[in-house]
Protein chains: 2
Amino acid sequence: MLWYNQIMETLSVKNKRTGGRSAHVMASIRAAVEELIKEVGRERITIPMVAERAGVNPTSIYRRWEDLPTLINDIATYRLDPTRTLPNTGDLRKDLTGWANELVAHYRKPVNAALLRGGASVAGETDSDCLRNRRGEVEVLLGQGNSEGFTAEQVMDHVVAPIVYRVIFHPWDLDDRTAEKLVADLFSLHRAELFSSL
Amino acid sequence: MLWYNQIMETLSVKNKRTGGRSAHVMASIRAAVEELIKEVGRERITIPMVAERAGVNPTSIYRRWEDLPTLINDIATYRLDPTRTLPNTGDLRKDLTGWANELVAHYRKPVNAALLRGGASVAGETDSDCLRNRRGEVEVLLGQGNSEGFTAEQVMDHVVAPIVYRVIFHPWDLDDRTAEKLVADLFSLHRAELFSSL
DNA sequence: TCGTTAATGCAAATGATTTTGCTTTAATTA
DNA sequence: TAATTAAAGCAAAATCATTTGCATTAACGA
């Protein structure tokens, strides 16, 4: 649960009055967007819809945000906390599995999946790769202790990419065995390379 | 270049008249959506915009497609000619590599990448998976001759997903060795399973 | 080629979204 | 607590999207 002033701090457009009513309006709008993203999907949300669900006047939304994409990106900016501690048991396989499981759990929440799809729709040109933090984390995981010869690219290709693919296109195929299976695939791939170099 | 009747066959909503004018209207709409996706981005396209650019009456779009997400998904889904012949040399590895190379070449064109991102933003609900044809093709490739024990899921996870991930988030990492490398990974993964079962 | 009628075009009507001017509420500061 | 004024509410107007009924075009089978 975020406090109202924390909610206010997450917005791209600032108010001068950050307490009481304003914060309550923001919280209602955010809750409404999250509900609606789950119920009707990002593409079918309208501003009047959000206003009605939030019990707020549409004008209040129009005056604060330029347009709907801005609103949704603002509100759905629920991120994996970049300061959280990563698994570090000394066992790379365990760490990767634990980390990938966090990723899966995160993106099984419809709001976060919707955000990723939203990120996808504006990716490619700018440097706004909304997964760049994940690659950074992979590098940390590989760096702490024995990387067993894996590169971040391999982990991104064979663990992160399949998860992302499922989140975006096949969310119903994302279950709590996905992460373990993919890490197992990664490790068998690696062993194969060891064998073939014998 | 698709023929008009091939374009018609790709739509989710069918016409009884598939030639001449209808096909021309479809082709114009498709071209308009492609241009606009590049120019203004998925988020700011409207149906009247598409109609004007296509030189077509908005009514023609409204009557055929339920709404904009459906239209975009339709166009994004069928950009690769679904009737093209797939590689069939008898050598699965060669076939997969050739097919994956087609995929890479296709998505290295900016229009197609933009369409995939557009598809991503409307994915996740219903069965509107704009990559479902790719999975179908994988099943065909595995079905013709020796599948060497691969499942479509494995190919989707370790060949298609990494390509899609790069297309959407890292297009600059998509080069003409990507496909071959990923198929090589897939095969080494498979060999690993053989080894580990010894 | 002709006749049928599906598909498109056109225009008016409807419905929804967005903007605007003004009023009210209440957060903040003194 | 009172004064100030930012932010929210309200309602009417303007804009834009969508639907609808009918006229026109042309695809396709006879």
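Both backbone and side-chain heavy atoms feed into the values below; hydrogens, waters and symmetry mates do not. Quick note on labels: first sequence line is chain A, next is B, and so on, each numbered from 1.
- Contact between the side-chain N/O atoms of A:Tyr62 and the OP1/OP2 oxygens of C:dT18 is found at a separation under 4.0 Å.
- Put simply, CG on A:Leu186 and CD on A:Glu148 are 9.5 Å apart, with the number rounded to the nearest 0.5 Å.
- Rounded to a whole Å, the CE atom of A:Met49 is 18 Å from the P atom of C:dG15.
- Between B:Ile61 atom CD1 and D:dT19 atom P there is a gap of 12 Å when expressed in whole angstrom units.
- In this structure, B:Gly55 and A:Pro48 both approach DNA chain C, and ranking their closest nucleotides by distance from the 5' end singles out B:Gly55.
- Note that CD1 of B:Ile29 and CD1 of B:Ile61 are 4.5 Å apart. Values are rounded to the nearest 0.5 Å.
- To the nearest angstrom, P of D:dC16 lies 16 Å from CZ of B:Arg44.
- Phosphate contact (OP1/OP2 of D:dC10, side-chain N/O of A:Ser60, threshold under 4.0 Å): absent.
- Rounding to whole angstrom units, CZ of residue A:Arg17 and C1' of C:dT25 are separated by 10 Å.
- Atom NE2 in A:His24 sits about 14 Å away from atom C1' in C:dA26, given to the nearest Å.
- D:dA17 atom P lies 18 Å from atom CZ of B:Arg63, rounded to whole Å.
- Applying the 4.0 Å criterion to OP1 and OP2 of D:dA17, one finds that A:Thr46 has every side-chain N and O outside that range.
- A donor-acceptor contact under 3.5 angstrom links the side-chain atoms of B:Arg21 to the base of C:dA7.
- One can place CZ of B:Arg64 at 10 Å from P of C:dG9, the figure rounded to the nearest angstrom.
- When only modelled atom types and interatomic distance are considered, B:His158 and B:Asp185 share no side-chain donor-acceptor pair under 3.5 Å.
- Regarding A:Asn57, its CG atom lies at a distance of 17 Å from the P atom of C:dC22, rounded to whole Å.
- Nucleic acid contact for B:Thr59: base, since at least one base atom lies under 4.0 Å from a heavy atom of the residue.
- Between the side chains of B:Ser60 and B:Asn57, no donor-acceptor pair of N or O atoms lies under 3.5 Å.
- With hydrogens and angles left out, the side-chain atoms of B:Thr89 and B:Asp91 include no donor and acceptor closer than 3.5 Å.
- With C:dA7, D:dT18, C:dT18 as the choices, the nucleotide that has an atom nearest any side-chain atom of B:Ser22 turns out to be C:dA7.
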